[in-house]
**Q** 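Got a structure for you, questions after.
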Number of protein chains: 2
Amino acid sequence: MSVQERKDRERASRERLIVATARELAEQQGWDAVTTRRLAERIEYSQPVLYSHFRGKREIIGAVALQGAAEMAAAVRAATAAADGPRERVAALARAYLDFAERHPAVYDAIFQLDGGLAYAHEDTPEPLKDAFAALMESLGEVAGDGVEPGLFTETFWASLHGLATLTRAGRLPPENTEPRVELLVDRLAVV
Amino acid sequence: MSVQERKDRERASRERLIVATARELAEQQGWDAVTTRRLAERIEYSQPVLYSHFRGKREIIGAVALQGAAEMAAAVRAATAAADGPRERVAALARAYLDFAERHPAVYDAIFQLDGGLAYAHEDTPEPLKDAFAALMESLGEVAGDGVEPGLFTETFWASLHGLATLTRAGRLPPENTEPRVELLVDRLAVV
DNA sequence: GATTCGATCCTAGCATTGCTAGACAATCGA
DNA sequence: TCGATTGTCTAGCAATGCTAGGATCGAATC
């Protein structure tokens, strides 16, 4: 019994190591650099070990995505909690969101761009993803305005932020005017 | 002289064939299926021929992106030209944009998501890309509202559309409510 | 019309990728 | 101490982007 428990613990610990290392590697050199060989070398095990924890690279990305979603939700909640009034809350949310995307581009990609084999906008969507959306809706729902469903409003506002985040990082938008763009979004979309 | 011209013509024709085939393959089976081997086989030449036209796969994606950007600009202009009044023009623009993204996902990715080695938001941005942005600004600029630069407004509106397009296609947003989301964006962002 | 020479193209190969089969070793229960 | 199970690694597969080198074809010259 106790032996088995120790093994389980060690296995779980190694799994966390894999996810943490994958994330670290992705944040340092991008997801392209996260190859199974490099990852295996960094955790000081052979490649096949990875496949005893995850079905493949996709699932590893998915694991990073779940971890990242939880952090993003926390970051958003922390930012909104410190803001006064609906308008300021939304502005704080937007800035926190874009800040997270800029500071953790690899994690952001894992959540919102790459294929991590996760279900989205579905009943069996993993809890951290649902909760991240919930974190957005908590502040956005109150500025949806009359006759607009909070869910729909949140989706739309979120999509706008996502567009800003990805286009900016891909070099499609000049990074200088991020702040006025955010102001514009908040001023026009949010009904206070 | 004439011999050289014929050769140049044939070369240009083969280059068009490469781009068209790459695009076709990408639209049929996604960009992952566009391998240099498959592409070479389809155009009935060997792999190295591709590298005599393009530096690598990246540049082929870039060529598809430029072609696609021109088409998208035309689609947007056609849609806005057929609409009456600023408000309807913006709505038509939004629908045309999302329609293009949905109908040509591979081309859309080449333009806005993948790395085609192109310069964006820069002085030496290729003409088709600049023109596509110009096509957006023609209709969006007139609803920017007081004190808001048309360019800034266009960027922000465009980013919102981009977010809707990509999140929907990646399965992050349920596709059902696209229309109300567009309505919301147009109603709130555009000043008529 | 034969010959040389340059452009054009293809065969073959490299290093890297994700993933897996099968051999090997360590560990646990008896 | 032995047998079996569990765990891990070595080695390898097919596919990827890309390139070096030789073969071949055609065009200009004598």
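Everything quoted here is computed from the prediction, not taken from an experiment. Proteins come first, then strands; the chains are lettered A, B, ... in the order of their sequence lines, and each starts at number 1.
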**Q** Name all residues meeting the side-chain hydrogen bond (donor to acceptor under 3.5 Å, both in side chains) criterion together with Tyr120(B); count only those two or more places apart in sequence or in a different chain, and write none if there are none.
**A**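 side-chain hydrogen bond (donor to acceptor under 3.5 Å, both in side chains) list for Tyr120(B), sorted by chain: Arg172(A).
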
**Q** Please enumerate all residues that pass side-chain hydrogen bond (donor to acceptor under 3.5 Å, both in side chains) together with Asp131(A), with sequence neighbours excluded.
**A** Arg77(A)

**Q** Pull out every residue in residues 35-43 of chain B that has a heavy atom closer than 4.0 Å to any atom of DNA chain D, ordered by number, or say none.
**A**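 Thr35(B), Thr36(B), Arg37(B), Arg38(B), in order of number.
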
**Q** Return the minimal non-hydrogen interatomic distance between Val19(B) and Ala63(B), and the atom names on each side.
**A** CG2-CB, 3.7 Å

**Q** Which residues in residues 47-65 of chain A have at least one heavy atom lying under 4.0 Å from any atom of DNA chain C?
**A**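 DNA chain C contact set from residues 47-65 of chain A: Gln47(A), Pro48(A), Tyr51(A), Gly56(A), Lys57(A).
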
**Q** To the nearest 0.5 Å, what is the distance between CG (Leu118(A)) and CZ (Arg58(A))?
**A** 9.0 Å

**Q** What is the distance, to the nearest angstrom, from the OH atom on Tyr45(A) to the P atom on dC9(D)?
**A** 7 Å

**Q** With sequence neighbours excluded, tell me which residues meet salt bridge (Lys or Arg N to Asp or Glu O under 4.0 Å) with Arg188(A).
**A** none

**Q** Run the side-chain donor-acceptor check on residues 25-33 of chain B: report pairs under 3.5 Å with partners two or more places apart or on a different chain.
**A**
residue	atom	partner	partner atom	Å
Glu27(B)	OE2	His104(B)	ND1	3.2
Gln28(B)	OE1	Arg42(B)	NH1	3.4
Trp31(B)	NE1	Ala106(B)	O	2.9

**Q** Output a table of donor-acceptor pairs, distance under 3.5 Å, between side-chain atoms of residues 140-147 of chain B and any protein atom two or more places apart or on a different chain; print 'none' if there are none.
**A**
residue	atom	partner	partner atom	Å
Glu142(B)	OE2	Arg89(B)	NE	2.7
Glu142(B)	OE2	Arg89(B)	NH2	3.2

**Q** Hey, could you give me the OG1/CG distance between Thr156(A) and Leu184(B), rounded to the nearest 0.5 Å?
**A** 4.5 Å

**Q** Who passes side-chain hydrogen bond (donor to acceptor under 3.5 Å, both in side chains) against Arg169(A), sequence neighbours left out?
**A** Asp109(A)

**Q** Can you list the stems that DNA chain C is part of, where a stem is at least 3 pairs in a row, each Watson-Crick or G-U, with both distances below 3.5 Å?
**A** C:1-30 with D:1-30

**Q** Sequence neighbours left out, what passes side-chain hydrogen bond (donor to acceptor under 3.5 Å, both in side chains) with Glu71(A)? Give chain and number order.
**A** Arg23(A)

**Q** Among residues at least two apart in sequence or on other chains, which ones pass salt bridge (Lys or Arg N to Asp or Glu O under 4.0 Å) with Glu179(A)?
**A**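 Result, salt bridge (Lys or Arg N to Asp or Glu O under 4.0 Å) vs Glu179(A): Arg95(A).
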
**Q** Which parts of residues 13-33 of chain B get close to DNA chain D, meaning a heavy atom less than 4.0 angstrom away?
**A** none

**Q** Would the number of heavy atoms belonging to other residues, nucleotides or ligands and lying under 6.0 Å from CD of Glu10(A) be above 12?
**A**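 Result for CD/Glu10(A): enclosed.
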
